[in-house]
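One structure is given below, encoded as structure tokens.
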Amino acid sequence: MSFSTSSGTIEQMYADIVQDLVPFYMDKVLLPNPQIILNSISVEGSSGDQVRFPLENSLTNAATVAEGASIIAAANSDLTPTAANIAFTKRGVASDVTQEAVEDGLYDMVVGTTLNRLSSGLAQATDVAGLALCKTSFTGNDGVTGANAKFTQNFVISPEALAYAAKREPVVKVWFNPNEDKHEFRGTVRNGFTALRASFGRTIKSNKLGESQAEANVQAIATSVANLRAANAPVGADGMYVGLIDPGFELGINKQLAAVGGSTIGSLSDLGNNALRNAMIAMIAGATLYRSNNLPDAS
């Protein structure tokens, strides 16, 4: 049945949306996740429009030193920290609900739909910004080559490749517009990303879903992992790097593992069996995979 449109119930609708925005947002956003970005900080309530993450400078290996010679001249490994800064950006989304929609819709539908629109908009804007930064910061391609507009840029990164900071957690302001007879919701968040070390991330260029271009495969992920290991990039607590892939690259991986396209399906590995059953591989070749529709194209 429809819910009452009395002022008390309208106030409860406002309260529910304000209260539940953060949990809905956290369920939808990908990158602000300690499994993906280890260096994360919230500075809500403090002054300033940016934060700085100090970085250790490159170390110098010990060297052979002749008797009586200067040790520091042979192997100077002084600590000279550098820094990476995050400037906060406000991201916003608007959703208006007419009084007629309130009167005609069920309470759960009105509240749930409005929360979904606000939280999805803020989560997508946050992930798009972080993944766009990956595109400009990590330039070593371990995938295929071809016309950029037809390819997506996927990434394999160390959990210490990026840093994230939030100045304002998701909030929503709401008011009633009597002239247009509608409830107006405005959701905002202020956050930002920075790349800590360019050598801690790799790109994998692969065919966009629906394009007839070359597909990257499992070897591309293994190559990225090997390149990260060679750069001494730290792994996560699970001993793995992080793979951020789009549905097109996911399809290419699953086709390879399940041998789709062959005249017969032979005896598969456990990975191949999982690809055939579930169309998703959680961990492969040293990387834990996360799928996103917000990865940038390669142009």
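Inter-residue side-chain proximity for Arg190 and Lys90 is flagged as met; some heavy-atom pair is nearer than 4.5 Å. Here the side chains of Asn85 and Arg52 are in contact, with some heavy-atom distance below 4.5 Å. Met283 has its side chain within reach of Asp238: a pair of non-hydrogen atoms, C-beta onward, lies under 4.5 Å apart. Val110 is listed as a side-chain neighbour of Val97, based on a closest heavy-atom distance under 4.5 Å. Counting only heavy atoms from C-beta outward, the side chains of Val235 and Arg229 approach each other to under 4.5 Å. Residues Ile221 and Leu289 are in side-chain contact: their nearest non-hydrogen atoms beyond the backbone lie under 4.5 Å apart.
Here the side chain of Ser95 pairs no donor or acceptor atom with the backbone of Phe185 at under 3.5 angstrom. Under a 3.5 Å cut-off, the side chain of Asn254 and the backbone N or O of Glu250 do form a donor-acceptor pair. Panel note: side chain Asp297, backbone Ala149; no donor-acceptor pair is recorded below 3.5 Å. The backbone N or O of Leu31 lies less than 3.5 Å from a partner atom in the side chain of Asp127, making a donor-acceptor pair. For Asp181 (side chain) and Gln99 (main-chain N/O), no donor-acceptor pair under 3.5 Å exists by modelled atom type.
Taking CG from Leu131 and CG from Asn154, the interatomic distance works out to 10.0 Å, rounded to the nearest 0.5 Å. Atom-to-atom distance recorded for His183:NE2 and Trp175:CH2 is 13.5 Å, nearest 0.5 angstrom. In this structure, Asp16 CG and Glu11 CD are separated by 12.0 Å, a value rounded to the nearest 0.5 Å. To the nearest 0.5 Å, atom CG of residue Asn217 and atom CD1 of residue Ile284 are 9.5 Å apart. Between Lys205 atom NZ and Gln213 atom CD the span is 9.5 Å, to the nearest 0.5 Å. For the atom pair CD1 (Ile253) and NZ (Lys255), the distance works out to 12.0 Å, reported to the nearest 0.5 Å.
Using bins of under 30°, 30° to 60° and over 60° for the plane-to-plane angle, the ring pair Phe138/Phe155 lands in the perpendicular bin. In this structure, Phe193 and Tyr164 have tilted ring planes: the angle between them lies in the 30° to 60° band.
Residues forming a side chain to side chain contact (heavy atoms under 4.5 Å, CB included) with Ile72 (at least two apart in sequence, or on another chain): Ser70, Asn76, Asp78. For the salt bridge (charged side-chain N to carboxylate O under 4.0 Å, His left out) test, residues two or more places apart in sequence or in another chain that qualify with Arg186 are Asp96, Glu184. Take Ala84 and apply the side chain to side chain contact (heavy atoms under 4.5 Å, CB included) test, not counting sequence neighbours, and it matches Leu55, Thr194, Leu196.
For residues 132-141, the set of pairs meeting the side-chain hydrogen bond (donor to acceptor under 3.5 Å, both in side chains) definition, not counting sequence neighbours, is empty.
Pairing each heavy atom of Ala287 with each of Gly243, the nearest pair is CB-N, 4.3 Å. Summarising the geometry of Val144 relative to Ser206, their closest heavy-atom pair is CG2-CA, 4.1 Å, with the distance given to 0.1 Å. Taking all atoms of both residues into account, the shortest heavy-atom contact from Phe200 to Glu160 is CD2-O, 3.7 Å. Nearest approach of Gly143 to Ala220, heavy atoms of both residues: CA-CB, 4.4 Å.
In summary, of the residues considered (Asn294, Asn191, Thr89), a side-chain hydrogen bond (donor to acceptor under 3.5 Å, both in side chains) with Thr126 occurs for Asn191 alone.
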I'd like a table of donor-acceptor pairs (distance under 3.5 Å, sequence neighbours excluded) in which one partner is a side-chain atom from residues 33-51, with atom names and distances.
unit_1, atom_1, unit_2, atom_2, d
Asn33, OD1, Gln35, N, 2.8
Ser46, OG, Val43, O, 2.6

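Around atom CZ of Arg168, more than 12 heavy atoms belonging to other residues, nucleotides or ligands sit under 6.0 Å away.
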> What's the verdict on side chain to side chain donor-acceptor pair (under 3.5 Å) for Tyr241 and Ser224, showing C-alpha distance, side-chain angles and the deciding distance?
Replying inline: CA-CA 10 Å; Tyr241 292 114; Ser224 289; over 6 Å; no
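No hydrogens or angles considered: a donor-acceptor pair under 3.5 Å links the side chains of Thr152 and Asp246.
Leu209 belongs to a hydrophobic cluster whose other members, connected by ILVMFWY side-chain contacts under 4.5 Å either directly or through intermediates, are Leu251.
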